[in-house]
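Order of the sequence lines sets the chain letters (A, B, ...), proteins ahead of strands, with each chain counted from 1. What you are looking at is a predicted structure, and each value in this text was computed from that prediction instead of being measured.
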There are 2 protein chains.
Amino acid sequence: MGESAGPQRAGTKSAQLRAYLLGLIEEQLRPHDKMPTERELAETFGVTRLTVRRALDQLGYEGRVYRTQGAGTFVSEPRIAKSVELTSFTDDMRARGLMPGSQSTRIVEVTAGAEVGAQLGISPRDAVAHIYRVRTADGEPMCLENTYIPASLAPDLARRPLEGSLYQTLVENYGLRIDKAEQSIHATVLDGEMAQALGVPEFSPAFKVSRVAYDARSRRIEYAESVYRADRYSYDFVIYRTPKGTK
Amino acid sequence: MGESAGPQRAGTKSAQLRAYLLGLIEEQLRPHDKMPTERELAETFGVTRLTVRRALDQLGYEGRVYRTQGAGTFVSEPRIAKSVELTSFTDDMRARGLMPGSQSTRIVEVTAGAEVGAQLGISPRDAVAHIYRVRTADGEPMCLENTYIPASLAPDLARRPLEGSLYQTLVENYGLRIDKAEQSIHATVLDGEMAQALGVPEFSPAFKVSRVAYDARSRRIEYAESVYRADRYSYDFVIYRTPKGTK
DNA sequence: CAGTGGTCTAGACCACGAG
DNA sequence: TCGTGGTCTAGACCACTGT
């Protein structure tokens with residue numbers, strides 16, 4: 001299918017194939033329709049079945065198709081919930097159809113202290129950039145965010161005007177790309193100060209999210225504590241049974 | 001490593017290899033230690049690199065190892081948080097070092113009604129088994145759970161003594177195996193009735209979890225609404241950047 | 001029984017990291 | 001430059017589904 005000159009920049013064959021199949025799913029097939037067989041796809045695209053399977057594995061992981069041995073591969077029902085993916089606040093809000101923004105951003109360099117130091121695996125006396133933001137969606141407060149980044153990884157970050165995405169800044173100026181994050185989510189109620197900052201009554205329910213983010217080399221890049229308004233935010237995701245080989 | 005007569009029943013070679021590597025990670029190596037190279041493992045175990053890679057891919061998804069092209073595969077730091085996996089309440093509690101239990105279980109057959117019918121994709125007039133349970137951990141209430149299962153899939157479930165795991169019953173008696181679930185998590189505060197059932201003060205924070213579970217054929221098997229005490233429960237998981245091929 | 005997905009072999013070349 | 005993981009080829013056999 002080389003002639004479909006879609007706006008794909010995908011490098012690998014399986015990624016190209018995945019993009020093609022995604023188009024097929026979204027534009028031509030309906031839920032529970034049967035996809036072409038792996039052998040058909042392999043022949044059509046001039047690749048091996050393994051390559052086809054990689055593309056389909058990916059789509060299966062994303063919940064777009066399901067497979068039944070002996071029967072075939074089928075289109076999943078439209079997804080109600082998104083799988084848990086590592087996205088920026090900006091992308092997260094856009095995916096929810098909301099317009100993201102920030103208020104009262106403050107960025108300063110401070111010493112890490114016990115808690116932040118422990119989370120980042122550095123000395124409590126090491127310097128970190130501390131970014132405080134009130135994140136908004138459609139102009140209304142959505143969450144309070146405190147982000148800490150080791151100064152050793154991003155020197156002078158605190159003296160840089162923070163325009164655009166923080167993650168983009170980290171990639172472009174420091175070569176730091178977040179690849180993985182560990183999150184811990186608690187339910188809580190808001191105290192007076194936080195409630196006021198978020199524009200809701202005191203004792204309103206909220207999510208408290210702690211996150212440690214790593215790059216591909218397993219270095220800790222960021223520690224963030226966020227508090228989300230529960231009336232505007234929910235976690236929607238897909239989970240799967242035992243990761244496939246374990247049974 | 002054929003001579004390690006561990007209690008493994010794993011079928012595929014990659015699953016056996018994964019089990020061996022897991023032992024290696026947990027018993028002999030330390031975080032950031034280098035794992036054997038893929039080619040070494042392939043030769044040692046008499047399999048191809050692809051098979052080795054499947055085992056390592058798996059461990060990578062589970063957050064146990066990380067790989068760097070050109071450098072090698074390394075042991076991840078001990079996991080602070082678990083990846084989101086589809087587990088039963090029982091397994092979830094055990095993983096947290098708590099002793100799971102149930103109180104005041106009730107199971108009845110009722111008509112689905114609008115909400116449950118919509119979630120399960122059946123008629124509001126169709127029959128469902130409704131299971132209500134107060135789930136306990138170490139003898140203390142942990143969550144309230146309302147589970148609904150279409151009677152067409154599990155006839156007479158309501159007339160069956162519910163002993164052992166519900167999921168086990170579904171597999172053994174009805175051939176229903178849950179493979180995937182969509183979850184939506186909200187933060188809330190408890191009203192008087194729920195607070196009393198959970199043994200906490202009114203207006204205590206809590207998680208409200210809605211779940212639709214599917215089998216491998218994408219049939220909806222179960223709808224469940226659960227309310228968890230926030231003082232005893234948190235969601236801890238790992239998230240990854242864009243699913244690999246998308247960039 | 002025919003056809004499907006699930007697993008595996010035995011190679012090959014490429015892209016990247018470190019000395 | 002060399003060794004590593006990342007991708008791919010061209011086959012093969014098995015396990016399961018549906019008829």
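Ranked by how close their nearest DNA chain C nucleotide is to the 5' end, B:Arg54 and B:Arg39 are led by B:Arg54. Taking for each of A:Lys13 and A:Thr68 the nucleotide of DNA chain D with the nearest heavy atom, the 5'-most of the two is the partner of A:Lys13.
Ranking C:dC8, D:dG5, C:dG5 by closeness to the B:Leu50 side chain, first place goes to C:dC8. Side-chain atoms of A:Arg67 lie closest to C:dG5 of the nucleotides C:dG5, C:dT9, D:dC8. Among D:dG6, C:dG5, D:dT4, the nucleotide with an atom closest to any side-chain atom of B:Glu40 is D:dT4. Of all nucleotides listed (C:dC8, C:dT4, D:dT9), C:dC8 comes nearest to the side chain of B:Thr48. The nucleotide whose nearest atom lies closest to any side-chain atom of B:Ala71 is, among C:dG17, C:dG5, D:dT4, C:dG17.
Between B:Thr51 and C:dT9 there is a side-chain polar atom (N or O) within less than 4.0 angstrom of OP1 or OP2. The side chain of B:Ser14 contributes an N or O atom lying less than 4.0 Å from OP1 or OP2 of C:dC8. Distances shown here put every side-chain N or O of A:Thr37 at or beyond 4.0 Å from the OP1 or OP2 atom of C:dG3.
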- Item | Steps toward side chain to side chain donor-acceptor pair (under 3.5 Å) verdict (B:Glu182, B:Tyr214) | CA-CA 8 Å; B:Glu182 294 170 345; B:Tyr214 299 79; 3.3 Å; yes

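If you measure from atom CG of B:Leu59 to atom C1' of D:dG5, you get 15 Å, rounded to the nearest angstrom. Across the protein-nucleic acid pair, B:Arg18 atom CZ and C:dT7 atom C1' stand 17 Å apart, rounded to whole Å. Following rounding to the nearest Å, B:Phe74 (CZ) and D:dG5 (P) show an atom-to-atom distance of 8 Å. For the pair A:Phe45 CZ and D:dT9 P, the interatomic distance rounds to 13 Å; values are reported in whole Å. Atom P of nucleotide D:dG5 and atom CD of B:Glu43 are separated by 14 Å, given to the nearest angstrom. Between the CZ atom of A:Arg53 and the P atom of C:dC8 there is a distance of 11 Å, rounded to whole Å. Across the protein-nucleic acid pair, A:Gln58 atom CD and D:dT7 atom P stand 10 Å apart, rounded to whole Å. Rounded to whole Å, atom P of C:dG5 lies 8 Å from atom CG of A:Leu56.
The heavy-atom pair separating A:Ile221 from A:Leu170 by the smallest distance is CG2-CD1, 4.3 Å.
Within the nucleic acid shown, A:Gly60 has no heavy atom closer than 4.0 Å to any nucleic acid atom.
With hydrogens and angles disregarded, no donor-acceptor distance shorter than 3.5 Å links the side chain of B:Arg18 to the backbone of B:Leu59.
The environment of A:Glu26 atom CD is dense: over 12 non-hydrogen atoms of other residues, nucleotides or ligands sit within 6.0 angstrom.
Electrostatic pairing of B:Arg30 and B:Asp33 does not count as a salt bridge here, judged by no charged N lying under 4.0 Å from a carboxylate O.
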